[in-house]
Amino acid sequence: MRGSILVEEVLLLLVAVALVSAFALTVTGVVQNAVNQILGFKNATSSITSQLIDAVRQLLGLK
């Protein structure tokens, strides 16, 4: 009887570790995706700003 209780506790512990690991991986994926989107937005706005500056320079005859 004592052995079966120990096996059950070990299995519950393994399930708990698996759930924590799955949660951590999910949170990491969500954070990484958010960071990638922020960096992509930053790069896009930087590119648009650069193009706008180049267009204004061409209009003013500075380039």
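If you're wondering where the values come from, they're calculated on a predicted model, not measured in any experiment.
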- Rounded to the nearest 0.5 Å, how far apart are CG of Leu6 and CG of Leu11? 9.5 Å
Contacts under 3.5 angstrom, residues 28-43 side chains, donor-acceptor by atom type, not counting sequence neighbours:
unit_1	atom_1	unit_2	atom_2	d
Thr28	OG1	Ala24	O	2.7
Asn36	ND2	Gln32	O	3.4
Asn43	ND2	Leu39	O	3.4

- Atom CG in Asp54, atom OG in Ser50: separation rounded to 0.5 Å? 4.5 Å
- Note on the structure: Going by chain and number, the hydrophobic cluster around Val17 (ILVMFWY, side chain to side chain under 4.5 Å) further includes none
- Task: Among Ile, Leu, Val, Met, Phe, Trp and Tyr joined by side-chain contacts under 4.5 Å, find the other residues sharing a cluster with Val15 and list them by chain and number.
- Result: Leu19
- Note on the structure: To the nearest 0.5 Å, atom CD of Gln58 lies from atom CD1 of Ile53 at 13.0 Å
